[in-house]
Amino acid sequence: RDEEGIIEEPCGEQEVIDEMCRIVIRDMDQFGVCVVDNFLGYKRGMSVLQEVTGMYTKGVFKDGQLVSKKVKNDLKTIRGDQITWIDGKDESCKNIGLLISQVDAIILRANKMANNGKIGNYTINGRTKAMVACYPGHGTHYVKHVDNPNKDGRCITAIYYLNRDWNIQQNGGLLRIFPEGWQDKVADIEPFFDRILFFWSDRRNPHEVQPAFKTRYAITLWYFDASERQEACRRHKTEMEAQASESNNIVNKTSSGES
Ligand SMILES: COc1ccc2cc(-c3cnc(C(=O)NCC(=O)O)c(O)c3)ccc2c1
Ligand SMILES: [Mn+2]
């Protein structure tokens with residue numbers, strides 16, 4: 001920023017990435033939420049959208065979250081989002097692969113640039129596959145929830161939106177975040193085309209997807225904090241071993257005829 005506080009127009013690709021990292025670090029530290037528009041630009045954004053709509057028409061999406069709504073005493077189950085997990089490596093979704101590596105570049109660079117090399121005191125060392133989600137419209141929604149309520153290792157949620165000409169009043173589908181400590185204020189994020197959103201995945205950011213009345217696409221990546229993930233895997237391993245030895249005891253007891 002020059003003396004008037006105007007962000008200098010970055011020129012090369014690296015300057016753009018660095019400037020974006022500074023914004024992500026600043027907003028995540030200050031708000032725990034960060035929105036960046038025109039992330040890929042129109043052309044690359046459109047090629048990602050075409051790959052996603054192509055997958056959707058091929059029917060690779062599975063019903064994701066089950067949400068139910070009481071309608072005149074019978075449970076009308078409205079399926080929430082439909083999802084598919086991809087790693088973006090195969091030819092049929094190379095543009096989604098480009099999006100993933102672009103988000104990786106921002107997160108990993110921001111991780112390095114942040115003070116003492118940690119963004120939000122995390123050391124990011126991995127992520128999930130990309131979850132491509134579609135809310136098929138007709139009122140599908142996602143109830144208020146926390147992505148990572150029990151320290152499973154996920155620290156940053158990154159959501160890239162693909163919805164052109166989206167009109168919140170007509171189409172709904174608003175993402176509402178209720179950041180901890182904001183009292184009664186909320187962050188309302190419209191799922192606009194080529195917009196990317198970052199937020200802390202833990203209990204600091206309960207959020208909901210309000211009913212959508214038009215097909216609504218998003219691609220989500222969750223980034224892992226090294227130590228939290230390691231601890232979660234260790235805990236999971238211990239739980240599995242405890243269950244295995246428990247079922248062993250049951251088998252031994254029943255085979256030896258003990259009651
Ligand atoms: C174990 O298998 C699964 C399979 C799918 C899962 C999907 C979600 C999920 C979480 N959050 C959101 C969300 O907040 N979207 C905000 C937005 O689109 O603006 C969303 O769409 C989907 C969580 C857990 C899952 C577990
Ligand atoms: Mn969520």
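Keep in mind that this is a model prediction, so the values were computed, not measured. Scope of the values below: all heavy atoms of this structure, side chains included, with no hydrogens, waters or symmetry mates. Both ligands and their constituent atoms are indexed starting at 1 by order of listing.
Listed by atom number, the atoms of ligand 1 under 4.0 Å from Val209 heavy atoms are 15 (N), 16 (C), 17 (C), 18 (O), 19 (O). Each of the following atoms of ligand 1 lies closer than 4.0 Å to a heavy atom of Asp81: 20 (C), 21 (O), 22 (C). Every atom of ligand 1 is numbered from 1 in the order shown, and the set under 4.0 Å from a heavy atom of Ile83 is 4 (C), 5 (C). Close contacts of ligand 1 with Tyr161, meaning ligand atoms under 4.0 Å from a residue heavy atom, involve 17 (C), 19 (O). Close contacts between ligand 1 and His207 involve ligand atoms 14 (O) [criterion: under 4.0 Å to a heavy atom]. Close contacts of ligand 1 with Asp147, meaning ligand atoms under 4.0 Å from a residue heavy atom, involve 10 (C), 11 (N).
At least one heavy atom of His145 sits less than 4.0 Å from an atom of ligand 1.
A tilted orientation is assigned to the rings of Trp222 and Trp85, their planes being inclined by 30° to 60°.
Take a cut-off of 2.8 Å around the Mn ion (ligand 2): the protein N, O or S atoms inside it are His145 NE2, Asp147 OD1, His207 NE2.
Taking all atoms of both residues into account, the shortest heavy-atom contact from Leu174 to Ile189 is CD1-O, 3.6 Å.
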Residues 94-108, side-chain donor-acceptor partners within the protein, below 3.5 Å, at least two apart:
residue, atom, partner, partner atom, Å
Asn95, ND2, Glu51, OE2, 2.8
Ser101, OG, Gly97, O, 3.0
Ser101, OG, Leu98, O, 3.1
Asp104, OD1, Arg127, NE, 2.8
Asp104, OD1, Tyr223, OH, 2.7
Asp104, OD2, Arg127, NE, 3.2
Asp104, OD2, Arg127, NH2, 3.1

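In this structure, a donor-acceptor pair under 3.5 Å is present between the side chains of Glu228 and Asn148. A donor-acceptor pair shorter than 3.5 Å cannot be found between the side chains of Asn125 and Thr123. A donor atom on one side chain and an acceptor atom on the other are not found under 3.5 Å apart for His236 and Asp152.
Of all the heavy atoms of Thr220, none lies under 4.0 Å from any atom of ligand 1, so neither backbone nor side chain is involved. Residue contacts with ligand 1 for Ile159 involve side-chain atoms from C-beta outward but no N, CA, C or O (heavy atoms, distance under 4.0 Å).
Note on Ile25 and Ile156: same hydrophobic cluster, where clusters join Ile, Leu, Val, Met, Phe, Trp and Tyr whose side-chain heavy atoms are under 4.5 Å apart, directly or indirectly.
Aromatic pair His207/Tyr142: centroids not less than 6.0 angstrom apart. A distance of 6.0 Å or more separates the ring centres of Phe192 and Tyr161. No close placement of the Tyr122 and Phe224 rings is indicated, their centers lying 6.0 Å or farther apart.
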